[in-house]
Amino acid sequence: MIRFGRGHRLRHARLQVILAVAAIATAVALPVVLVSVGGGVSAHELAMLQNAGYQIVVSAAGLHGIAHAHPLTEQILSLPSVAAASPVLSIAIDSFPAGPGATPVLAEGVIPVGFGPTLGPEESGLFPLPLPLGDPTDAVHFDNGSYRGPATYDVLVSSPFAEATRVTTGGHLLLGLTNEVSGAISYNVTGTFGVPPTVLGPVGAFAVLVPLSDLQVMTGFANAPHVPVPDAADTVEVAVVPSATSNPEVISSLRDRVQSLVPYYGVSSLSQEATQLQSATAVLTGFYLALSSVGLSVGLVFLTLVLLRRVESERRSIGIRRAIGEPGGSIAAAVVVDGVVIASLGAVVGIAAGYLVVEGLATWAHSTVQEAARLAEFVPLTLTELAGGVVGLSLVAGALAARSALRIDLAEALR
């Protein structure tokens, strides 16, 4: 049994127990950190997919690879069960909020009428809907691909950008593709919007929202001669009617019909992405546990050595107990219980240490690490299974030590 008291031998025994607990705790803390943070991030991304306002997304290889976004959007809108389609073009440009100095911003070109219905419940509250960006359909300036219609030059700016640069609704903001103010265009600031948090990438706090055709003309992705991609977009997000959102067959059929319109583009549904994310999360969790098994193996080997050392140091005591008639099963059980107690203490300390590490990262880390740590999920069942696995493996260590105790030669031990 584990003993605590005075004396050199007892102090040495206590040190062995403390080191064994520390070794197991260190081995347990690693999977606690990895699984809780990785699982939390995956759960967050999965929730974003499940709560998105759109169900199907069209994408293309290359930079701004979707061509003829306006007519493609109209074709998609003509399909049954489609409620909205929103092409999005994202390009970094320069703004000139005060004076000649340029401030980089992320500009997103959208068709106002289609953008709102493809937002999820959380994101929709960040934008003024309907978007005050002039022509809702963006058809006037687009003018059937000629881009000769009058442009409204309206812009929505993100609230962090507005606060940092003191841009206000009703004012004007110069936007251009380069940092030369002479080539910038004056836009009317018609409102602000919030910025949703992101985890796997930097937060685009300085952002603006403009009509799709305006951004295409500014960046050279309209229908002018020799453009790399005419009427370009990065993605087209498709929302279905409410009655079809929970019907996988309808969404699958619609995805196939959209794919037939764009055979050379990628078309996926969020249900597919969610399934892929869940599979990736399972693989990643398995990798975390496999990586952590190295540390657990070291901790359990150390526990085995500690128990064997304790048996060796108590050879005479064990011999006396056996000589006076104490059953071997009782002696073996005491050794196994010692191992279970040490492993249990190590598991509890390891879980607590892992929790404190994650909380520390969430409080004092920077940027993406902090955001990921704040999303960590400590699932009681997972932690219980981890602790149970460590205690279960400690039975093996205890059994080896108990076998050694039962094989002690009585005559030699009592000599």
Side-chain angles (χ1 to χ4, degrees), residues 1-35 286 288-355 380-415:
M1 297 293 290
I2 297 176
R3 296 178 178 87
F4 296 94
R6 298 180 180 179
H8 174 72
R9 293 183 63 184
L10 290 177
R11 285 198 301 270
H12 184 66
R14 287 199 302 272
L15 179 60
Q16 289 180 340
V17 171
I18 292 172
L19 291 177
V21 170
I24 294 175
T26 303
V28 170
L30 178 61
V32 169
V33 173
L34 293 177
V35 174
Y288 290 155
L289 294 176
L291 180 64
S292 304
S293 66
V294 177
L296 289 173
S297 299
V298 173
L300 290 169
V301 168
F302 190 81
L303 174 61
T304 303
L305 294 177
V306 167
L307 294 176
L308 289 172
R309 181 69 183 87
R310 291 178 66 83
V311 168
E312 183 65 25
S313 65
E314 296 179 1
R315 289 173 61 88
R316 185 174 180 81
S317 173
I318 293 173
I320 293 173
R321 290 158 60 190
R322 290 186 62 188
I324 63 177
E326 183 174 346
S330 177
I331 296 174
V335 176
V336 172
V337 168
D338 281 355
V340 169
V341 171
I342 294 173
S344 299
L345 288 174
V348 171
V349 173
I351 291 173
Y355 175 81
L381 179 60
T382 301
L383 298 180
T384 301
E385 290 176 344
L386 178 61
V390 172
V391 173
L393 291 174
S394 73
L395 296 175
V396 178
L400 292 174
R403 179 173 178 268
S404 177
L406 296 178
R407 295 180 65 182
I408 293 177
D409 185 88
L410 292 182
E412 182 180 349
L414 297 174
R415 182 180 303 171

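Source: prediction; values computed, not measured. Just so you know, these numbers use all the heavy atoms, side chains as well, and skip hydrogens, waters and symmetry mates.
Only one option out of T304, V311, V306 pairs with L308 in a side chain to side chain contact (heavy atoms under 4.5 Å, CB included); it is T304. Under the side chain to side chain contact (heavy atoms under 4.5 Å, CB included) rule, F302 has a single partner from L19, L307, I24, which is L19. Among the candidates V35, V28, V391, L381, the single residue satisfying the side chain to side chain contact (heavy atoms under 4.5 Å, CB included) test with L386 is V28.
Smallest separation of non-hydrogen atoms from A353 and A29: CB-CB, 4.2 Å. Between A401 and V335, the shortest heavy-atom distance links the atoms CB-CG1, 3.5 Å. Shortest non-hydrogen contact noted between L406 and A332 is CD1-CB, 4.1 Å. Taking both residues in full, the closest heavy atoms of A25 and V349 are given as CB-CG1, 3.7 Å, listed atom of the first, atom of the second, then distance. Contact between V336 and A402 at its shortest, heavy atoms only, is CG2-CB, 4.3 Å.
If you take CG on L296 and CG on L303, they are separated by 12.0 Å, rounding to the nearest 0.5 Å. Interatomic distance, I342 CD1 to L300 CG, rounded to the nearest 0.5 Å: 11.5 Å. One distance of note links CZ of R310 with OG of S317; it measures 11.0 Å at 0.5 Å rounding.
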